[in-house]
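We use all heavy atoms of the structure for the numbers below, so side chains are in, but hydrogens, waters and symmetry mates are not.
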2 protein chains.
Amino acid sequence: MVTMSDVAREAGVSTMTVSNVLNDRRPVGAPTRARVLAAVESLGYEVNLTARNLRAGRTGTVALIVPSFYDYYSELADAVAREVEAGGRHLVLERTTASAELEMASVSRARLQLYDGVLMSSVGLDREDLDRIRSSTPIVLLGERDVPDRFDHVRLANEAGAQEATAHMIARGSRRILALGCTSGDAHAMTSDRRVGWEQAHRDAGLPIDERYVVPIGDYSFEDARRTLLKVIAAGLPFDAVFAATDVIALAALGALHESGLRVPDDVRVSGFDDLQVSRYVPPGLTSVDPGHETVAREAVRLLHRRLADPDAPAEHVATPVRLVVRGSTR
Amino acid sequence: MVTMSDVAREAGVSTMTVSNVLNDRRPVGAPTRARVLAAVESLGYEVNLTARNLRAGRTGTVALIVPSFYDYYSELADAVAREVEAGGRHLVLERTTASAELEMASVSRARLQLYDGVLMSSVGLDREDLDRIRSSTPIVLLGERDVPDRFDHVRLANEAGAQEATAHMIARGSRRILALGCTSGDAHAMTSDRRVGWEQAHRDAGLPIDERYVVPIGDYSFEDARRTLLKVIAAGLPFDAVFAATDVIALAALGALHESGLRVPDDVRVSGFDDLQVSRYVPPGLTSVDPGHETVAREAVRLLHRRLADPDAPAEHVATPVRLVVRGSTR
DNA sequence: CTGTTAGCGCTTTCAT
DNA sequence: ATGAAAGCGCTAACAG
């Protein structure tokens with residue numbers, strides 16, 4: 001490996017001069033400068049960022065830690081990357097290993113130190129897991145409602161979005177609306193927040209709430225969602241609409257309904273949540289709740305920058321608005 | 001920040017003993033060990049990985065560098081993460097900034113040093129760009145056919161996959177098959193390799209090759225694909241099938257055909273390439289070429305490990321097989 | 001079993 | 001405008 005002192009020797013200067021040339025930190029005479037650059041070129045030198053980071057105490061890198069690379073997260077990551085880069089840092093994506101009991105365990109606290117800051121999607125982590133996190137690296141949580149106060153936190157208006165989607169289908173005439181992938185109980189998980197919105201829409205419309213229509217699914221995969229809906233159909237529970245907790249679930253539902261000979265939207269209306277890019281194109285177009293990735297990303301990075309500037313600032317909790325996008329699946 | 005010497009002082013031992021306890025490197029007496037662990041706990045110490053990495057000359061991290069976080073890449077990344085983790089390292093994902101003239105510029109050579117190895121998707125990089133890469137960090141290229149010999153390289157059997165998909169639609173009766181998102185010319189880009197397969201299927205069947213049916217699209221987005229196909233339809237070029245260069249294009253085509261009142265597969269058969277998860281669920285099910293992420297990931301990580309073990313081994317070039325998956329869109 | 005020394009490659013600080 | 005020395009936090013190598 002070529003080091004800075006190799007370059008210094010080649011150019012006949014000290015390592016400090018090389019460093020100054022490379023970082024434009026202090027004025028360097030033009031001829032010296034030229035010799036240094038020539039040496040850098042001829043030796044093919046690159047600074048060692050590990051050494052620089054150790055010395056500087058910062059890395060210029062922010063990590064976004066997510067449960068999986070798919071779907072919602074990849075679209076969010078894209079928006080976050082743009083925001084982080086606008087702030088002059090790099091973004092890297094890390095995945096928590098699904099198999100880990102406690103998802104956090106798969107990204108050790110030590111690893112967090114490799115970053116100036118971390119944005120972590122807390123979906124799948126409960127309050128206890130989060131309480132256990134002690135890190136000198138600033139962390140901004142993205143996701144569910146119930147996080148310890150000490151964390152900066154950005155969440156979606158999950159209830160409002162679910163309510164709007166459900167109310168929209170009620171307004172179109174749906175009366176028996178499955179809450180597919182939603183969960184009962186009051187754990188403040190995303191799936192339960194979205195069920196609350198589904199319930200609220202029913203109350204607003206003076207419709208009864210039938211708990212049989214809240215149908216949780218296992219692992220949020222397409223396959224699991226498909227199988228679950230097929231089972232509901234086989235069991236004979238009558239329904240005329242599906243509010244799916246995520247677009248992945250909604251898209252799988254479109255498939256399952258098609259397999260069962262049910263037409264969308266004529267027999268069953270379908271609405272999702274996440275507004276994946278593909279949802280706009282899949283016939284007949286999937287009605288969905290746009291989570292506003294740009295806003296989430298902007299707020300998350302803003303909170304991180306604020307925290308980096310002032311480590312002792314009080315934690316901030318932000319809920320970002322969402323927006324229903326109506327397409328063919330509910331027409 | 002709590003350092004190792006803080007822990008050493010607290011426990012009344014040397015830093016080496018702390019290091020040995022933390023890394024299980026040399027046997028440490030039980031009482032000493034206990035005192036060290038107690039000090040670690042009470043001070044909330046975490047090793048500084050930057051310092052460790054500098055000292056060790058390795059980082060235990062592999063980067064997968066991709067043009068975007070979406071679709072094909074997210075599904076590939078998942079498989080790669082599993083392989084890398086099986087080898088005891090972490091995977092991080094980095095995105096090349098789309099705006100950069102030369103995509104490589106957005107991931108500086110210096111950054112590559114932060115990793116033990118790099119897997120880089122070369123889609124979008126031409127041979128000249130690749131030729132310019134000089135890195136002491138091992139790089140395995142994923143993607144197109146035409147890469148400099150010195151790189152380890154894994155590519156898909158793009159031609160074979162495209163040929164199989166096209167032949168399948170010909171066998172079902174299609175005669176005018178758009179090659180949507182494919183490109184003419186002999187640049188060894190993915191889009192041209194797939195066009196070659198489309199042509200080969202025509203030759204094999206004794207069908208004429210009409211270059212008007214090769215319809216490139218701009219940026220590989222859903223929207224671009226949709227607009228392009230709508231334009232083809234408006235222009236009146238008759239076709240009874242679409243072979244799309246990617247599933248994103250194929251899914252957008254399903255939408256555009258639906259908008260135009262054309263039925264799939266009755267009026268137009270559609271086949272994609274990538275076998276995204278969603279493609280299985282979108283009615284009527286998208287026929288697609290499964291790129292075999294597991295195989296690609298396994299080979300890529302194998303090449304990387306081989307290179308790490310022997311930096312001077314001759315470069316290896318691997319083409320992995322693909323497999324047509326037939327679904328409703330071509331029945 | 002435990003400690004001391006040296007140094008990974010860089011940049012801050014102080015000197016010239 | 002340039003250089004020398006010190007040290008970021010850790011661990012390999014050598015001592016005891």
[X] [atom1] to [N] [atom2]: how many Å, rounded?
X: B:R52; N: D:dA12; atom1: CZ; atom2: C1'; result: 14 Å
X: A:N48; N: D:dC8; atom1: CG; atom2: P; result: 18 Å
X: B:L114; N: C:dG9; atom1: CG; atom2: P; result: 15 Å
X: B:R58; N: D:dA12; atom1: CZ; atom2: P; result: 11 Å
X: A:M1; N: C:dC10; atom1: CE; atom2: C1'; result: 12 Å
X: B:L49; N: D:dC10; atom1: CG; atom2: P; result: 9 Å
X: A:L22; N: C:dG9; atom1: CG; atom2: P; result: 16 Å
X: A:L54; N: C:dG7; atom1: CG; atom2: P; result: 17 Å

Name the closest nucleotide to the A:R55 side chain, picking from C:dT2, C:dT12, D:dA1.
C:dT12
Where does the angle between the aromatic ring planes of B:Y72 and B:H293 fall among parallel (under 30°), tilted (30 to 60°) and perpendicular (over 60°)?
tilted
Does the side chain of B:D274 reach to within under 4.5 Å of the side chain of B:D71, using non-hydrogen atoms?
no
Is there side-chain contact between A:V92 and B:L93, with at least one heavy-atom pair below 4.5 Å?
no
Under-4.0 Å side-chain N/O to phosphate OP1/OP2 contact, [X] with [N]:
X: B:R26; N: C:dC1; result: no
X: B:T32; N: C:dC1; result: no
X: A:N23; N: C:dT11; result: yes
X: B:R25; N: D:dA12; result: yes

Carboxylate-amine/guanidinium contact [X] [Y], below 4.0 Å:
X: A:E316; Y: A:R302; value: yes
X: A:R307; Y: A:D116; value: no
X: A:E85; Y: A:R82; value: no

Expected output is a numbered-order residue list: members of residues 3-20 of chain B with a heavy atom under 4.0 Å from any atom of DNA chain C. What is it?
B:V13, B:S14, B:M16, B:T17
Considering every strand and a 4.0 Å limit on heavy-atom distances, what is the contact class for A:G29: base, sugar-phosphate, or nothing?
sugar-phosphate
Just checking, any donor-acceptor pair under 3.5 angstrom between side chains of B:E75 and B:Y70?
no
